[in-house]
Colleague: 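First, the structure itself, so that you have it in front of you.
Within every chain, numbering begins at 1; the chains are lettered A, B, ... in the order of the sequence lines, protein sequences first and strands thereafter.
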Protein chains: 2
Amino acid sequence: MDERASWETVGEVLRGRGLRWTSQRQTVIDVLAASNGHITGSELVERCRALDAGTTPSTVYRTLDVLEDLGLVRHGHGADGREEFHVLPESRHGHLHCSSCGQTWEIDERRGEAVADVLRAGDGFEIDIGHVTLVGLCQQCADTARA
Amino acid sequence: MDERASWETVGEVLRGRGLRWTSQRQTVIDVLAASNGHITGSELVERCRALDAGTTPSTVYRTLDVLEDLGLVRHGHGADGREEFHVLPESRHGHLHCSSCGQTWEIDERRGEAVADVLRAGDGFEIDIGHVTLVGLCQQCADTARA
DNA sequence: ATTAATGCAAACGGTTTGCACTACT
DNA sequence: AGTAGTGCAAACCGTTTGCATTAAT
């Protein structure tokens with residue numbers, strides 16, 4: 001009991017809690033495992049549909065809820081405000097989104113810690129760096145803008 | 001021409017651009033001027049309706065678009081991903097939202113600069129600190145959680 | 001008189017819900 | 001058999017759009 005959830009053990013963990021292991025959940029897990037660590041709700045739905053054409057949004061979102069309970073994903077919000085899910089296990093990282101070129105980068109743990117330090121030093125705020133996507137201009141676009 | 005917009009001069013600036021100064025826009029401006037610097041789209045609609053019961057969402061959102069063109073507001077996204085408008089002129093600041101108690105604080109310019117420095121130092125990313133609301137735990141809630 | 005702006009109502013996209021049905025345990 | 005999970009369709013919320021009408025210039 002009280003097993004740690006991971007992609008391989010989700011099934012058992014679910015069953016251990018009286019929940020069930022279904023092919024739809026399998027599909028969601030497959031897509032999450034193949035994602036690069038973050039994905040929006042609707043992207044997830046699309047990709048699931050690619051694997052299983054019968055995928056329903058409601059099932060996907062409901063599955064995300066239980067996976068969040070298990071600690072396998074955490075939700076946040078992307079640059080445009082849409083729900084975004086961070087796939088665990090992974091280092092707690094944040095995201096940078098360039099509003100000019102549209103690319104997204106990760107903020108590695110070290111740099112995230114530095115940001116957290118600044119805010120903590122200010123007034124003790126414990127930031128959850130992974131909850132939102134920071135927006136701005138990447139070096140390249142910033143340079144272009146200055147030129 | 002090329003006038004700088006401000007709450008007092010919006011009317012002239014609009015007219016200078018061939019646009020019009022209407023009572024509905026007046027209402028939106030009134031609400032914005034009375035706001036504490038940030039407000040969501042739907043909040044704005046509500047408050048406008050309080051002043052003028054006939055306020056329509058479409059008009060409010062369309063007005064926000066032109067005000068953004070004039071540089072009087074900038075849009076971003078709040079903790080829950082909803083559109084949030086920052087009212088100018090004001091120092092470029094960010095927001096901190098405590099996911100536990102729900103309160104929101106401002107990140108003053110100095111601290112925002114410090115955060116920007118960290119990211120700029122990392123890879124030259126020019127963050128727009130005002131575009132998103134950072135989420136985490138305020139000191140009080142963080143302490144409670146630790147206890 | 002022009003044409004920008006409004007109000008309405010409908011459409012949108014992403015997400016959530018109620019409910020009868022299916023299928024894991 | 002029991003009940004968690006599903007699929008569907010409809011509802012939701014905030015926001016956007018088309019279009020005929022109103023009103024600022």
Colleague: Output yes when a side-chain donor or acceptor of B:T40 lies under 3.5 Å from a complementary backbone atom of B:E84, and no otherwise.
Modeller: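 Not confirmed, B:T40 side chain does not pair with B:E84 backbone.
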
Colleague: Between protein and nucleic acid, restricted to nucleotides 2-4 of chain C and to nitrogen or oxygen atoms under 3.5 Å apart, what atom pairs and distances do you find?
Modeller:
{"from": "C:dT3", "atom 1": "O2", "to": "B:R20", "atom 2": "NH1", "distance (Å)": "2.9"}
{"from": "C:dT3", "atom 1": "O2", "to": "B:R20", "atom 2": "NH2", "distance (Å)": "3.1"}
{"from": "C:dA4", "atom 1": "O4'", "to": "B:R20", "atom 2": "NE", "distance (Å)": "3.1"}
{"from": "C:dA4", "atom 1": "O4'", "to": "B:R20", "atom 2": "NH1", "distance (Å)": "3.2"}
{"from": "C:dA4", "atom 1": "O4'", "to": "B:R20", "atom 2": "NH2", "distance (Å)": "3.3"}
{"from": "C:dA4", "atom 1": "N3", "to": "B:R20", "atom 2": "NH1", "distance (Å)": "3.2"}

Colleague: Report the residues that fulfil salt bridge (Lys or Arg N to Asp or Glu O under 4.0 Å) with B:E126, sequence neighbours left out, ordered by chain and then residue number.
Modeller: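 Partners of B:E126 by the salt bridge (Lys or Arg N to Asp or Glu O under 4.0 Å) criterion, ordered by chain and then number, come out as B:R120.
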
Colleague: Charged N to carboxylate O below 4.0 Å: is that the case for B:R47 and B:D30?
Modeller: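 Salt bridge absent between B:R47 and B:D30.
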
Colleague: Could you run down the sub-3.5 Å N/O contacts of the protein with nucleotides 12-18 of chain C?
Modeller:
{"from": "C:dG14", "atom 1": "OP1", "to": "A:R82", "atom 2": "NH1", "distance (Å)": "2.7"}
{"from": "C:dT15", "atom 1": "OP1", "to": "A:E83", "atom 2": "N", "distance (Å)": "3.2"}
{"from": "C:dT15", "atom 1": "OP2", "to": "A:S42", "atom 2": "N", "distance (Å)": "3.2"}
{"from": "C:dT15", "atom 1": "OP2", "to": "A:Y61", "atom 2": "OH", "distance (Å)": "2.0"}
{"from": "C:dT15", "atom 1": "O5'", "to": "A:Y61", "atom 2": "OH", "distance (Å)": "3.1"}
{"from": "C:dG18", "atom 1": "O6", "to": "A:R62", "atom 2": "NH1", "distance (Å)": "3.4"}

Colleague: Aromatic rings B:H95 and B:H86: how do their planes relate, parallel, tilted or perpendicular, breaks at 30° and 60°?
Modeller: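 Ring orientation, 0 to 90° scale: perpendicular.
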
Colleague: Closer than 4.0 Å, any side-chain N/O of B:T56 to the OP1 or OP2 of C:dT6?
Modeller: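 No.
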
Colleague: Is there a side-chain contact between B:T22 and the phosphate of C:dT6, meaning an N or O under 4.0 Å from OP1 or OP2?
Modeller: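 Answer yes for this pair, as a side-chain N or O of B:T22 is under 4.0 Å from OP1 or OP2.
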
Colleague: To the nearest 0.5 angstrom, please state how far the CZ atom of B:F125 sits from the SG atom of A:C141.
Modeller: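 If I round to the nearest 0.5 Å, the distance is 9.0 Å.
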
Colleague: Look at the aromatic rings of A:H75 and A:F85 and report parallel, tilted or perpendicular, splitting at 30° and 60°.
Modeller: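 Ring orientation of A:H75 relative to A:F85: tilted.
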
Colleague: With salt bridge (charged side-chain N to carboxylate O under 4.0 Å, His left out) as the rule and sequence neighbours excluded, what pairs involving residues 61-72 of chain B come up?
Modeller: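 Qualifying pairs: none.
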
Colleague: Report yes or no: does B:R25 contribute a side-chain atom to a donor-acceptor pair with the main-chain N or O of B:R20 at less than 3.5 Å?
Modeller: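 Side chain of B:R25 to backbone of B:R20, a donor-acceptor pair under 3.5 Å: yes, one is there.
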
Colleague: Does A:S99 use its side chain to pair, donor to acceptor, with the backbone of A:V135 at less than 3.5 Å?
Modeller: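 Looks like no, no N/O pair under 3.5 Å.
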
Colleague: Can you tell me the distance, in whole Å, between the CZ atom of B:R15 and the P atom of C:dA5?
Modeller: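 Answer to the nearest Å: 12 Å.
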
Colleague: Tell me: CD1 of B:I29 to P of C:dA5, nearest whole Å?
Modeller: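 After rounding, the gap between these two atoms is 13 Å.
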
Colleague: Quick check: are there more than 12 heavy atoms from other residues, nucleotides or ligands sitting under 6.0 Å from CD of A:Q140?
Modeller: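 It does not: A:Q140 CD has 12 such atoms or fewer within range.
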
Colleague: Kindly write out the residues that satisfy side chain to side chain contact (heavy atoms under 4.5 Å, CB included) with A:T55, not counting sequence neighbours, or none if the list is empty.
Modeller: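 Scan of A:T55 (side chain to side chain contact (heavy atoms under 4.5 Å, CB included), adjacent residues dropped) gives A:C48, A:R49, A:D52, A:V60.
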
Colleague: Whole angstrom is fine here: how far is it from CD in B:Q26 over to P in C:dA5?
Modeller: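 Going from B:Q26 (CD) to C:dA5 (P), I get 15 Å.
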
Colleague: Take the protein atom CZ of A:R49 and the nucleotide atom P of D:dG7, then report the distance between them rounded to whole Å.
Modeller: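 These atoms are roughly 10 Å apart.
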
Colleague: State the dot-bracket string of DNA chain D. Criteria: Watson-Crick or G-U wobble, both atom distances under 3.5 angstrom; notation: ( ) intrastrand, [ ] crossing earlier pairs, | interstrand, . unpaired.
Modeller: ||||||||||.|||.||||||||||

Colleague: Can you see if the side chain of A:Q24 gets near the phosphate of C:dA23 - specifically, an N or O under 4.0 Å from OP1 or OP2?
Modeller: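 No, outside the criterion.
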
Colleague: Please report, rounded to the nearest Å, how far the C1' atom of D:dT25 is from the CG atom of B:L14.
Modeller: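 It works out to 13 Å between those atoms.
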
Colleague: In whole angstroms, how far is the P atom of C:dA5 from the CG atom of B:D69?
Modeller: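 Rounding to the nearest Å, CG of B:D69 and P of C:dA5 are 11 Å apart.
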
